[in-house]
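Index from 1, following the sequence. Keep in mind that the numbers below use all heavy atoms, side chains included, and drop hydrogens, waters and symmetry copies.
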Amino acid sequence: MEILRVEGLSKHFHIHWPERIIQSCQNISFALSQGEFIGIVGRSGAGKSTILKCIHRSYLPTAGSIRYQSEALGALDLATATEREMLYLRKHEIGYVSQFLSVMPRTTAREHVMGALLDTGTDGETAKALAGEMLAYFRLPTELWDMFPATFSGGERLRLNLAHTMVKRPRLMLLDEPTASLDNQSKALVKEMLMRLKAQNTGMIGIFHDLQFMEGLCDKVYNISEGVLQ
């Protein structure tokens, strides 16, 4: 079943000083089915992250459509969806893993992962148990669970990001360099979890520079050159 169809997606950035237009991705089209993994590769600055951010609606597309088949809201275009609709989808159906960790002040690692579940209506005890399972899976030491992530290393922060998104088992997951600062053992854990989610019909789009990591994971790989998907 197709859950996402991107057609003619373009994003341009208007810089007011000095006055100029910067073209990022342009005329991007592809489709994603349940349980499918699409990998996007290409040089730095080609527009890979921009595609993900437009789907997540962190960026408002300049042109094109992003048609998503929501389990709760039905068919809608993410390029024109309301903020209320996007907030619901981010909480319940669409996950985004960035290289960078963003946590509310004075929120512990365990509370951060629990929060992803509480947002979906999961009760507190269940959320605590599932958060613990995911933190343990990603080998975050138990002594860090009730600490503030500001003290964590880069790899620990990225593993916390992964735990926060994957604990919800989203319907659509967007991954922006999810293994950038991980050692080989941690990469293997990420790959195993992604394979599990694929088997549970999560559709995924990922950006990677580690081509070896992508082997056996991606169903399709697109190369973005000069902002155009090939």
Side-chain angles (χ1 to χ4, degrees), residues 1-7 9 30-38 49-61 64-104 107-135 137-138 149 157-176 178 190 193-207:
M1 174 185 172
E2 185 176 290
I3 61 169
L4 185 75
R5 177 168 290 273
V6 176
E7 294 185 329
L9 174 66
F30 63 88
L32 177 76
S33 297
Q34 283 186 321
E36 185 178 32
F37 199 120
I38 289 177
S49 295
T50 299
I51 295 171
L52 297 192
K53 290 178 179 178
C54 285
I55 296 171
H56 192 246
R57 259 280 291 281
S58 305
Y59 290 163
L60 188 65
S65 62
I66 306 168
R67 302 194 181 281
Y68 171 66
Q69 186 64 44
S70 166
E71 196 167 50
L73 305 180
L76 71 167
D77 185 352
L78 302 184
T80 58
T82 67
E83 290 301 322
R84 185 182 295 274
E85 288 170 331
M86 289 308 306
L87 182 61
Y88 176 88
L89 292 175
R90 291 186 196 119
K91 284 184 176 182
H92 294 266
E93 297 189 25
I94 301 177
Y96 183 95
V97 180
S98 167
Q99 301 176 52
F100 309 105
L101 180 64
S102 178
V103 179
M104 292 290 289
T107 298
T108 68
R110 191 201 310 255
E111 289 169 343
H112 182 54
V113 179
M114 284 179 63
L117 292 166
L118 295 173
D119 280 345
T120 67
T122 304
D123 67 88
E125 284 303 311
T126 301
K128 185 176 182 179
L130 292 175
E133 289 176 10
M134 192 61 74
L135 290 168
Y137 176 83
F138 281 112
R157 291 184 183 199
L158 186 46
R159 280 181 280 155
L160 179 58
N161 254 355
L162 289 159
H164 175 264
T165 299
M166 293 183 179
V167 76
K168 294 191 297 184
R169 303 186 182 276
R171 198 155 176 271
L172 170 64
M173 190 155 60
L174 311 170
L175 302 124
D176 191 349
V190 174
M193 181 58 72
L194 292 177
M195 294 299 288
R196 287 188 198 176
L197 292 174
K198 276 190 68 176
Q200 295 168 11
N201 277 336
T202 293
M204 291 176 268
I205 305 170
I207 295 169

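Rounding to the nearest 0.5 Å gives a distance of 11.0 Å between OH of Tyr88 and CD1 of Ile94. Rounding to the nearest 0.5 Å places OG of Ser70 at 6.5 Å from CZ of Arg171. The distance from atom CG of Leu162 to atom CG of Leu194, rounded to the nearest 0.5 Å, is 8.0 Å. Taken from OG in Ser98 to CG in Leu175, the straight-line distance is 10.5 Å, to the nearest 0.5 Å. The CG atom of Asp123 lies 12.5 Å from the NZ atom of Lys128; values are rounded to the nearest 0.5 Å.
Heavy-atom minimum distance, Pro178 versus Leu158: O-CD2, 3.3 Å. Considering all non-hydrogen atoms of both residues, Leu197 and Met173 come closest at CD1-CE, 3.3 Å. Closest approach of Ala31 to Ile38, counting heavy atoms only: O-CD1, 3.3 Å. Residues Leu118 and Ala127 come closest through the heavy atom pair CD2-CB, 3.9 Å.
No donor-acceptor distance shorter than 3.5 angstrom exists from the side chain of Asn161 to the backbone of Val97, with no hydrogens or angles considered. Side-chain atoms of Arg90 come within 3.5 Å of backbone N or O of His56 as a donor-acceptor pair. Proximity of a side-chain donor or acceptor of Gln34 to a complementary backbone N or O of Ile3 within less than 3.5 Å is not detected.
Every salt bridge (Lys or Arg N to Asp or Glu O under 4.0 Å) that Glu36 has, sequence neighbours left out, goes to Lys220. Here Glu133 pairs with nothing under the salt bridge (Lys or Arg N to Asp or Glu O under 4.0 Å) rule; sequence neighbours left out. Partners of Lys53 according to the salt bridge (Lys or Arg N to Asp or Glu O under 4.0 Å) rule, which considers only residues two or more places apart in sequence or in another chain, do not exist here. With sequence neighbours left out, Arg67 forms a salt bridge (Lys or Arg N to Asp or Glu O under 4.0 Å) with no residue at all. For Glu111, the side chain to side chain contact (heavy atoms under 4.5 Å, CB included) partners are Thr107, Thr108, not counting sequence neighbours.
Residue Lys198 qualifies as enclosed at atom NZ: its count of foreign heavy atoms under 6.0 Å is above 12.
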Derivation of the side chain to side chain donor-acceptor pair (under 3.5 Å) call for Glu93 and Tyr68: CA-CA 11 Å; Glu93 297 189 25; Tyr68 171 66; 2.5 Å; yes
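Applying the salt bridge (charged side-chain N to carboxylate O under 4.0 Å, His left out) test to pairs two or more places apart or on separate chains, those with a residue in residues 73-83 are Arg57-Glu83.
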